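Report on one structure; see the data block that follows.
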Amino acid sequence: MTHAEALQQELARAARALGAPEGVAPVLERPRDPAFGDWATNLAMTLAKPLGRPPRAIAEALIAAMDAAAVGVAHAEIAGPGFINFRLDPGFQARGLLALLAHPEQWGRHNVGQGARVCVEFVSANPTGPLHVGHGRQAALGDAISTLLEWTGWQVDREFYYNDAGTQIHNLALSTQARLRERAGQPLAIPEGGYHGAYIREIADRYAEAHPDDAHGDDLEAVRRFAVAALRHEQDLDLQAFGVRFDTYYLESSLYADGRVARTVEALVASGHTYEEDGALFLRTTAFGDDKDRVMRKSAAKGGDYTYFVPDVAYHVTKWERGYRRAVNVQGADHHSTTTRVRAGLQALGLGIPEGYPDYVLHQMVTVMKGGEEVKISKRAGSYVTVRDLIDEVGRDAVRYFYLMRKGDSHLVFDVDLARSQSDENPVYYIQMAHARMCGIFRVGEVDPATVTGEGVDFARLAEPAEQELVRMLLDFPPLVRAAAQHLEPHRVAAWLLETARAAHTWYHRHHVLGEPEAITRARLVLARATQLGLAAGLRILGLSAPERM
RNA sequence: GCGCGUGUAGCUCAGUUGGAUAGAGCGUCGGCCUCCGGAGCCGAAGGUCGCAGGUUCGAGUCCUGCCACGCGCGCCA
């Protein structure tokens, strides 16, 4: 039990002694101004109504009823309308770091998921081009969210869904074919909705080399397979450069091949939620909250194909059948409309899948600034900045951090020139520097950090304000990880890292670890070690490296 | 027009599920290197939290209505 939980328990006990109703859950928070103390509670104000007494009087009674010493409270005072501010005994609070030193691999871990399996799907790009900066945001977000879930007790599988069937892929094949024929001296005829990027020409070149007997690309199916394979390989390289690994690659084409799409359609028809109109088959998605009903199978005049969301529903059925009782999909907000459709399809099937399945994390668009102006991202026009461009220019860690430092649902402006030119002043370097500095102390002091356990150390020596602040930040980490995972919001970890790094730099600058009286050096070595471990933990969640020197 | 999202310092963004005097980074201005790494530290200036109402002890946060911007609204994905 942490000291905060002990304090909460003691507050709850005192509240019941005053006649408060069962089940009061005192809320502790860090006061905005550290001068107010280490913890504050608004308990007295929330009890004002049920107890029918003024908040300040209740606060007084609460303080009197508490066994302050037992929970390390050195001082308690009433402030403002009825806040109670607690100042903790310095050593009592700092001893909370013992758990970090003893089991660093457990620090920040929780078991809310209780080992349940969850499928996190992200990136899921069409294999029609390299990964662009929008996919990069998804890769960073999805990977960090997966890690957060792992840290909080979920068994996570990272999954990439390849839309390797349908119109876009057909256009890809036709575009490649057009380039092949251009090579052979015919006029270029890229189809409507086709792809104009230079990489298509490269693929055509390679195809011609590998298939000397089909230099015109007459075998469209072979061209399609070749182009898809080539682009999947490109995307794999992009992801590798970014340090993102997937457990499963699920192919949309396999859903057709194994009959799942057909079976899903049959099941939906059997459910009675479909109807035919103008030769097309509709799903009555309006019965499940959609604006209008959606076409499942196009009319014969339009080709008679299934629309994209049918395999999407079949795909999500497999997630359920594969045992994922929870699924998280990370998508761009431009795909927002699919969420209702997929959920509607799953509900219509009546398989007992919960209404909110799957969870969606939608992120807003990324715009790229280069040379002072916006780069229009268009695969078809062939103008965009790839994830690999960014990584090459500013480094993997910086790219990841920039993607993750902002909330997913706010629009992201990625100024490439700025990111590159300011790389010296990047927040990620600031954070990594704090970590490296802690490592530097051990290097210079010739102390093996692994031997710093806190045993026999007088924690009351960590009494300087800068030290208390740093201790508070470090102790905030475990609950912060839980909250970030619960809300699927990695940016909270990014913000914590920056604040904690600042606290570490301030402390480092004001107080020396080495060369002080032995009792102080020993206590400060503990804090340095805890800071190093704590920062490393946060960096790890975001997929950033924690260098020992820079 | 409808749905979703956003609107907070010059710029880019946080804001601990409704708490105290709204914060950070960058930029600007002014200080600090015999020091465990100055890739750092300390300080200052800078705000009508888009606008108007409402809910209550208390609102950047919740509700309603407007305004602006982004995305979506296809038998495209």
Side-chain angles (χ1 to χ4, degrees), chain A residues 27-33 36 40-42 45-46 48-49 54-55 79-83 85 124 126 128 163 165-169 171 193 252 277-282 290-292 294-309 311-312 332-340 362-365 367 402 405-413 415 418 422-427 429-430 432-434 436-445 476 479-480 483 486-487 491-492 494-496 498-499 502 505-516 521 524 528 549-550:
Chain A
V27 174
L28 283 182
E29 54 187 16
R30 297 291 194 191
R32 187 161 285 151
D33 186 342
F36 290 141
T41 183
N42 63 350
M45 285 182 279
T46 62
K49 199 164 276 182
F83 290 100
N85 293 330
S124 294
N126 291 335
T128 54
N163 294 112
T167 315
Q168 308 279 16
I169 298 301
N171 285 336
E252 180 188 5
E277 193 176 287
D278 301 332
L281 182 66
F282 281 76
D290 204 352
D291 294 344
K292 53 192 202 177
R294 305 292 170 173
V295 172
M296 294 169 56
R297 193 180 56 229
K298 304 175 198 174
S299 61
K302 299 273 185 180
D305 295 328
Y306 297 118
T307 57
Y308 72 94
F309 96 92
D312 226 3
D334 55 337
H335 285 232
H336 172 258
S337 61
T338 68
T339 64
T340 315
L362 299 178
H363 64 84
Q364 292 298 312
M365 300 293 91
T367 52
F402 268 86
M405 67 193 295
R406 280 161 204 171
K407 219 167 28 176
D409 51 14
S410 68
H411 186 96
L412 179 69
V413 177
D415 188 327
L418 193 68
Q422 289 195 335
S423 62
D424 286 1
E425 293 149 1
N426 245 322
Y429 290 110
Y430 182 84
Q432 290 177 324
M433 182 63 192
R437 275 186 150 168
M438 297 303 118
C439 294
I441 293 170
F442 294 104
R443 208 158 44 232
V444 171
D476 277 348
L480 175 117
Q486 184 192 337
H487 292 92
H491 78 275
R492 298 183 187 222
W496 177 87
L498 193 60
E499 279 180 53
R502 179 175 21 261
H505 282 304
T506 298
W507 172 63
Y508 177 90
H509 188 262
R510 284 191 194 163
H511 308 292
H512 268 232
V513 174
L514 305 174
E516 299 290 319
T521 289
R524 289 183 178 168
R549 54 171 63 198
M550 300 183 68

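Labels below follow one simple rule: chain letters A, B, ... track the order of the sequence lines, proteins then strands, and each chain is numbered from 1. As a basis for the values below, the full set of heavy atoms in this structure was taken, side chains included, without hydrogen atoms, waters or symmetry mates. A quick note: this is a predicted structure, and the numbers were derived from the prediction, not measured.
Applying the 90° cutoff around 0 to the glycosidic angle, B:C33 is assigned syn.
One P atom belongs to B:C26, the other to B:C42, and the distance between them is 12 Å to the nearest Å. Between B:G60 and B:A20, the two C1' atoms lie 15 Å apart (nearest whole Å).
In this structure, A:Asp291 reaches neither bases nor backbone, as no heavy-atom distance under 4.0 Å exists between it and the strands shown. Heavy atoms of A:Glu516 sit nowhere under 4.0 angstrom from any nucleic acid atom. Nucleic acid contact for A:Ala79: base, since at least one base atom lies under 4.0 Å from a heavy atom of the residue. Residue-level contact check: A:Arg492 touches neither bases nor backbone, having no heavy atom under 4.0 Å from any strand. Among the atoms of the strands shown, none is found under 4.0 Å from any heavy atom of A:Ala48. Within 4.0 Å of A:Met296, counting heavy atoms only, lies no atom of the nucleic acid at all. Using a 4.0 Å heavy-atom cutoff across all strands shown, A:Asp278 reaches at least one base atom of the nucleic acid.
Atom NE2 of A:His335 and atom P of B:C76 are 15 Å apart (whole Å). Atoms CD (A:Gln432) and P (B:G25) sit 18 Å apart, rounded to a whole Å. Per the geometry, CE belonging to A:Met405 stands 9 Å off P belonging to B:A14, to the nearest Å. In this structure, the NZ atom of A:Lys298 is 10 Å from the C1' atom of B:G74, given to the nearest Å.
With hydrogens and angles left out, the side chain of A:Tyr308 and the base of B:A77 share a donor-acceptor pair within 3.5 Å. Residue A:Asp334 places no side-chain atom within donor-acceptor reach of the base of B:G72, judged by atom type and a 3.5 Å distance cut-off alone.
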Distances for protein N/O vs nucleotides 31-36 of chain B N/O pairs under 3.5 angstrom?
{"residue": "B:C36", "atom": "O2'", "partner": "A:Gly440", "partner atom": "O", "Å": "3.4"}
{"residue": "B:C36", "atom": "O2", "partner": "A:Leu514", "partner atom": "N", "Å": "3.2"}
{"residue": "B:C36", "atom": "N3", "partner": "A:Val513", "partner atom": "N", "Å": "3.0"}
{"residue": "B:C36", "atom": "N4", "partner": "A:Tyr508", "partner atom": "O", "Å": "2.6"}
{"residue": "B:C36", "atom": "N4", "partner": "A:His511", "partner atom": "O", "Å": "2.4"}

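Among B:C41, B:A39, B:A14, the nucleotide with an atom closest to any side-chain atom of A:Met550 is B:A39. For A:Met45, the listed nucleotide lying nearest its side chain is B:G19; candidates were B:G19, B:C75, B:U12.
Listed for the A:Thr307 side chain is no donor-acceptor partner under 3.5 Å among the backbone atoms of A:Arg297.
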